[in-house]
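Convention: sequence-line order gives letters A, B, ...; per-chain numbering from 1.
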Amino acid sequence: MEVVYYLDEGLEICPVKEYLENLLPNNPERRVRLLAQIDQKVEFIMENPGREASFIGTLHGHNFLEIQNGKDESKVIRILYSIHNGKIVLLNAFEKPNKYDTNKVKKMVEKHYLVTDTYLVKFKKNPNSYEIYK
Amino acid sequence: MKYTNKLTQTSADPIAEARKDKRFFLYSKEARVAIRLAAEVYEKRKQIGWTQARLANEIETTQKVISNIESGDVNIGIDLLKRLADGLTLTTEDLGGIFETGCLMPNFNSTAATKSWSKDDGACDYANKSANFISLNQR
């Protein structure tokens, strides 16, 4: 199974690639460790499509899943992806507090999910809008 | 500018760039073990029908520890691994699948194999502990 970054033609960016590029630029050791962890979780999904795990989240009302990876004590990285035509498409990424119950954070999370819905619709309309992962 | 070609690259792939760092390989090996253990623990726990809190209670730890293990973000000590294996009745085969990382040598119990690893490779310390654990578990 191939892994690709969704490429948004309007924004001219791959949202996940951009997120990873800007991840902890001032802490190279932690950055490399996080990228290795995320890469291994992507590889796990490639090798075990459909297998459930605590670090793979299903999202009610959305046609994509999320990879969860701890960033530090208080934040979790979310990589939102979908499987389409035999490809794992990395759609969007963001981070959120590990525990939250405020409306502000809930709204922020829901906003990311809604944006990702539009990315998935656009990708399905133009399945060539992607870049190869690694 | 319209991108409709998969060959177009907006910038270098950050994962590919990170691979150039010598630490990336070691971190990947560590992460691979943690992720496989996470998936195995989650799967076995679900099969038994336990909550994280119930498993924690069974093996005398906390729900937070189980949550951390299942997140795949942490590597655990040998004592906790043994308690998990006992609590979830993980077989040697299950554990072999978890530790099949390319770092661990084919024969877990081979002293010659463990000695051949580089001493500055942290993953191999982990591997040695795992090998000892398997030895203990087989007694």
Side-chain angles (χ1 to χ4, degrees), chain A residues 2-23 25 28-45 47-48 51-56 67-73 76-77 87 90 98 126-134, chain B residues 1-47 51-52 55 63-64 66-75 97-98 100-103 122-123:
Chain A
E2 189 178 25
V3 183
V4 299
Y5 292 108
Y6 162 70
L7 172 64
D8 190 278
E9 293 178 355
L11 299 172
E12 298 184 4
I13 57 161
C14 297
V16 173
K17 196 171 168 183
E18 177 149 300
Y19 174 83
L20 297 178
E21 277 171 358
N22 294 310
L23 185 62
E29 177 155 1
R30 183 75 186 137
R31 172 184 163 77
V32 170
R33 186 180 284 278
L34 286 173
L35 290 176
Q37 287 176 339
I38 290 166
D39 182 47
Q40 284 300 314
K41 285 183 180 172
V42 169
E43 197 161 314
F44 177 86
I45 294 164
E47 292 172 359
N48 304 276
R51 187 171 172 187
E52 292 182 4
S54 279
F55 54 82
I56 300 171
I67 298 168
Q68 300 161 0
N69 199 88
K71 184 183 180 188
D72 53 38
E73 289 286 310
V76 180
I77 297 166
K87 288 187 180 70
L90 305 179
N98 199 6
N126 184 1
N128 284 327
S129 54
Y130 66 83
E131 289 185 11
I132 304 287
Y133 174 89
K134 69 184 175 180
Chain B
M1 189 172 177
K2 196 171 175 71
Y3 292 100
T4 51
N5 186 334
K6 63 186 175 182
L7 296 175
T8 306
Q9 291 284 317
T10 51
S11 57
D13 185 336
I15 298 287
E17 289 295 304
R19 282 183 175 278
K20 294 174 186 170
D21 189 306
K22 62 182 179 185
R23 293 167 295 194
F24 187 87
F25 183 60
L26 172 63
Y27 293 157
S28 293
K29 285 191 291 188
E30 290 178 359
R32 192 172 172 85
V33 171
I35 288 164
R36 281 162 191 281
L37 177 66
E40 198 67 37
V41 168
Y42 174 84
E43 203 164 65
K44 292 280 180 185
R45 181 175 64 75
K46 288 285 179 182
Q47 277 173 12
T51 61
Q52 289 184 340
L55 173 58
Q63 182 270 332
K64 179 68 182 165
I66 302 299
S67 172
N68 283 340
I69 293 167
E70 290 190 3
S71 74
D73 297 337
V74 294
N75 279 322
I98 291 165
E100 197 179 322
T101 66
C103 171

*If you look at every heavy atom in A:A36 and B:Y27, which pair is closest and at what distance?*
CB-CB, 3.7 Å
*Flag the pair A:E43 and B:R36 as a salt bridge only when some basic side-chain nitrogen lies within less than 4.0 angstrom of an acidic carboxylate oxygen.*
no
*asked:* As an exercise: rank B:A39, B:A18, B:A16 by heavy-atom pairs under 4.5 Å with chain A and give me the winner.
replied: B:A39
*Where on A:E29 is there a heavy atom nearer than 4.5 Å to chain B: the side chain, the backbone, both, or neither?*
both
*Taking NZ, NE, NH1 and NH2 as the nitrogens, is one of them in A:R31 or B:E17 under 4.0 Å from a carboxylate oxygen of the other?*
no
*Who pairs with B:Q47 by side chain to side chain contact (heavy atoms under 4.5 Å, CB included), at least two apart in sequence or on another chain?*
B:E43, B:K44
*Highest number of heavy-atom pairs under 4.5 Å with chain B: which of A:R51, A:E18, A:E52?*
A:R51
*What residue, out of A:Q68, A:K41, A:Q37, has the most heavy-atom pairs lying under 4.5 Å from chain B?*
A:K41
_Proximal component of A:Y5, with respect to chain B [non-hydrogen, under 4.5 Å]_ = side chain
_Most contacts with chain B, counted as non-hydrogen pairs under 4.5 angstrom, among A:Y133, A:F44, A:F55_ = A:F55
*Is it the side chain or the backbone of B:Y42 that comes within 4.5 Å of chain A heavy atoms, both, or neither?*
side chain
*Gap between atom CD1 of A:I38 and atom CD1 of B:I15 - 0.5 Å precision*: 6.5 Å
*Spacing of A:R33 atom CZ and B:L26 atom CG [to the nearest 0.5 Å]*: 7.5 Å
*Any idea which heavy atoms bring A:S54 and B:Q52 closest together, and the distance?*
OG-NE2, 4.3 Å
*Would you mind telling me which of B:A31, B:S11, B:S71, B:S67 has the largest number of heavy-atom pairs within less than 4.5 Å of chain A?*
B:S11
*Are more than 12 heavy atoms from other residues, nucleotides or ligands located less than 6.0 Å from atom CZ of B:F25?*
no
_Heavy-atom proximity to chain A below 4.5 Å, by part of B:D21_ = side chain
*Positive for side-chain contact (heavy atoms from CB on, under 4.5 Å) with B:R19, one of A:V32, A:L35, A:D39*: A:D39
*Please round to the nearest 0.5 Å and tell me the distance separating atom CD1 of B:I35 and atom CD1 of A:I67.*
9.0 Å
*Heavy atoms only: give me the nearest A:K17-B:P14 pair and the separation to one decimal.*
CG-CD, 3.6 Å
